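It should be emphasised that the depicted structure is a prediction, and the values quoted were computed from it without experimental measurement.
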Amino acid sequence: MAAIEWLTGGLDAAFALAKAQQRPLFLYWGAVWCPPCNRVKSEIFARTEFAARAAGVLCYHLDGDSAGAQALAAQYRLRSYPTLVLYAPDGGEITRLPCELDGELFVAAFDAALAVHAAGSSAAAALDAALSATRPLGADEWSLLSHYSWDTDEGKLLGTRALAPTLAALAAAASNPDAAVRLQLHAQLAAGNVDAAFLLGVLADARLARSNMDIFNNSGLNLIKLASRREELAAALGSVAAQWADDFWLSVPDRLMAVRLQMRLARLLAPTQGLQDLISERVNEALAESTDPYERHTLVNTAVSALNDAGLPAQAEQVLLAELPRSHSPYYFMLSLAASARRRNDVAGVLDWYGKAWQASAGAATRLQWGVTYLNSLIDLAPQDSVRIEQAAQGLLADVRAAGADAHQQRNLSQLQKLAPKLAGIAAGPHTATLAAAL
């Protein structure tokens, strides 16, 4: 992230500066441990093309663990890490951008957003015009809507509109063919009803498939499960994924995601034993190649998922254990080790790794989240261990107090709300009673 000049000081000051200088403000909301955030840092922020665009706007990084961050997130409707928002100088949202795009496609979407703003429009204005048919939209506006981050909208653009019919209406109205295809993919996923012929047509067009690689890598399996002609679709998408897996223009994590997609598609049709060697080989190659800490963090996360999908949990665990000493946030991978222990029905291992993850974690919001995870697991798996539960409650209470007012905001609040019914269902000791009262 060194190539980008990130503003220091508070977010209010950043908005004030944007207004004074009449420049858009690009906001990145994220966390150190978040794999998609690390992918954004290595795949998008590190690109010279994006840094050149960023020089023309103001950039602000809102770390979810910084003081007051969760309250600001509630105010600006930020929740999922990462959320990427481009604001107009007056503070209104131009658009929210998807983090899953590769660097080249992200830069193109960013350019379209800036062009739309320069023309006096925004995602909200374009959406209203498209749905009301009050005026035709230009190509950049259609690109803006098709590349809107619907997953991180938080009702900001949609308002009270339902997602699936809104996307379907946009897809039907789109005069830009590429935008129509992307919107239709989103619409069919949201509706849970996929047209097999349409999907086969997209996959048969290498350019179209590549421009929607983020959707296929993340949701391709769901698309096929929701459609008829599964075998035909799985074969078609598997062929495309194999091409992406060998495309050296793509980043190492994106290539490995394509290999993982191949694995998941194969599981729909037949036993996966024949692909185990391929998965193992590709994981080893990718890990040997990657040295950037941001890229490696998301790469390890993808590698572990691919290995588990391939029925190679022992190798997945070895990858995690080997990564702990070199990772900038090993406590994130300790959660994966706890999940691995859970699959083996190793209760002691689950609780041990969750406890270690919490103790190793850093940052007010992160510690609160990890502490809730540990205490929830203790109550679920070892409800008789009142001593350990009391110790965990005492430590988590300290984290809640350290978070201050932020403890009851946005992501922190949702975590504590998960814990409240668990505490209500156990015999309360002094610390659990105090913690329950603090929720």
Side-chain angles (χ1 to χ4, degrees), residues 1 30-46 64-65 80-82 99-100 102-103 213-214 217-218 241 244-248 250-264 272 275-344 349-350 352-354 356-363 366 369-370 373:
M1 296 169 66
V32 171
W33 51 265
C34 153
C37 299
N38 280 268
R39 182 190 175 278
V40 164
K41 292 174 186 176
S42 65
E43 175 66 17
I44 297 171
F45 295 166
D65 281 306
S80 300
Y81 296 145
C99 67
E100 299 90 353
D102 68 36
M213 183 181 71
D214 57 314
N217 265 341
N218 288 287
W244 294 337
D246 290 330
D247 185 349
F248 288 96
L250 296 175
S251 67
V252 178
D254 284 354
R255 296 204 304 268
L256 192 59
M257 283 192 72
V259 175
R260 184 192 66 177
L261 178 58
Q262 285 181 272
M263 184 75 244
R264 291 179 169 180
T272 58
L275 279 175
Q276 286 184 328
D277 290 343
L278 172 66
I279 297 293
S280 179
E281 178 184 343
R282 290 298 181 93
V283 164
N284 290 335
E285 288 175 355
L287 291 174
E289 183 178 342
S290 180
T291 57
D292 177 82
Y294 300 133
E295 178 187 76
R296 191 170 179 89
H297 188 80
T298 188
L299 179 64
V300 168
N301 194 55
T302 302
V304 169
S305 175
L307 289 167
N308 281 322
D309 283 344
L312 299 169
Q315 187 175 344
E317 196 162 349
Q318 289 171 4
V319 167
L320 289 166
L321 290 169
E323 196 64 21
L324 294 183
R326 66 183 295 171
S327 172
H328 58 66
S329 45
Y331 48 88
Y332 175 80
F333 295 125
M334 291 176 188
L335 299 185
S336 298
L337 285 163
S340 179
R342 189 184 293 273
R343 284 189 290 270
R344 298 196 310 271
V350 172
D352 183 50
W353 279 118
Y354 277 143
K356 287 179 178 178
W358 178 34
Q359 293 306 316
S361 63
T366 296
Q369 180 175 333
W370 265 239
T373 299

Which atom names give the shortest non-hydrogen contact between L250 and D254, and what distance separates them?
CB-CB, 4.4 Å
Restricting to salt bridge (charged side-chain N to carboxylate O under 4.0 Å, His left out), what partner residues turn up for D65, sequence neighbours left out?
none
Check against side-chain contact (heavy atoms from CB on, under 4.5 Å), V252 and E285
CA-CA 9 Å; V252 178; E285 288 175 355; over 6 Å; no
Apply the test side-chain contact (heavy atoms from CB on, under 4.5 Å) to residues L337 and L324: give CA-CA distance (whole Å), side-chain angles for both, the deciding distance (0.1 Å), then the verdict.
CA-CA 10 Å; L337 285 163; L324 294 183; 3.9 Å; yes
Measure across E43 and S251 and return the closest heavy-atom pair with its distance rounded to 0.1 Å.
OE1-CB, 3.1 Å
One pair to check against side-chain contact (heavy atoms from CB on, under 4.5 Å): D352 and K356. What are the steps and the verdict?
CA-CA 6 Å; D352 183 50; K356 287 179 178 178; 3.3 Å; yes
Set of residues satisfying side-chain contact (heavy atoms from CB on, under 4.5 Å) with respect to A360, sequence neighbours excluded:
Y331, M334
State which residues pass salt bridge (charged side-chain N to carboxylate O under 4.0 Å, His left out) with D246; sequence neighbours excluded, sorted by chain then number.
R282
Name all residues meeting the ring-ring contact (aromatic ring centres under 6.0 Å, His included) criterion together with F333; count only those two or more places apart in sequence or in a different chain, and write none if there are none.
H297
For E289, which residues count as a salt bridge (charged side-chain N to carboxylate O under 4.0 Å, His left out) partner, sequence neighbours excluded?
R255
Test item: E281 and V259 side chains (from C-beta on) under 4.5 Å apart, heavy atoms
no
Measuring from atom OH of Y81 to atom SG of C34, what distance do you get when rounded to the nearest 0.5 angstrom?
8.5 Å
Once ring pair (Phe, Tyr, Trp, His ring centres under 6.0 Å) is applied, what residue pairs with a partner in residues 299-321 remain, sequence neighbours excluded?
none
Can you give me the closest heavy-atom contact between I279 and A306, atom names plus distance?
CG2-O, 3.8 Å
Rounded distance (nearest 0.5 Å) linking atom CE of M263 with atom CG of N308:
11.5 Å
For the CG atom of N218 and the CE atom of M213, what is their distance to the nearest 0.5 Å?
9.5 Å
Under the 3.5 angstrom rule, does the side chain of T373 hit a backbone N or O of Q369 as a donor-acceptor pair?
yes
Not counting sequence neighbours, which residues clear side-chain hydrogen bond (donor to acceptor under 3.5 Å, both in side chains) with T302? List them please.
none
For Q262, check side-chain hydrogen bond (donor to acceptor under 3.5 Å, both in side chains) against everything at least two apart and list the hits.
none
Partners passing salt bridge (charged side-chain N to carboxylate O under 4.0 Å, His left out) against R264 (at least two apart in sequence or in another chain)
D309
Can you list every salt bridge (Lys or Arg N to Asp or Glu O under 4.0 Å) pair that touches residues 293-305, not counting sequence neighbours?
R296-E323
What I'd like to find out is whether the side chain of Y332 reaches to under 4.5 Å of the side chain of P35, using heavy atoms alone.
yes
For the pair S290 (side chain) and L287 (backbone), establish whether a donor and an acceptor sit closer than 3.5 Å, ignoring hydrogens and angles.
no
Measure across S336 and L320 and return the closest heavy-atom pair with its distance rounded to 0.1 Å.
CB-CD1, 3.7 Å
Output, in order, the C-alpha distance, side-chain angles, deciding distance and verdict of side-chain contact (heavy atoms from CB on, under 4.5 Å) for L335 and Y354.
CA-CA 6 Å; L335 299 185; Y354 277 143; 3.6 Å; yes
Kindly write out the residues that satisfy side-chain hydrogen bond (donor to acceptor under 3.5 Å, both in side chains) with E317, not counting sequence neighbours, or none if the list is empty.
S340, R344
Would you name the heavy atoms of I44 and G103 that are closest together and state the gap between them?
CG1-CA, 4.2 Å
Suppose we screen for side-chain hydrogen bond (donor to acceptor under 3.5 Å, both in side chains). Which residues come up paired with D247, at least two apart in sequence or across chains?
none
Please report the closest heavy-atom contact between V32 and N38, naming both atoms and the distance.
O-ND2, 3.0 Å
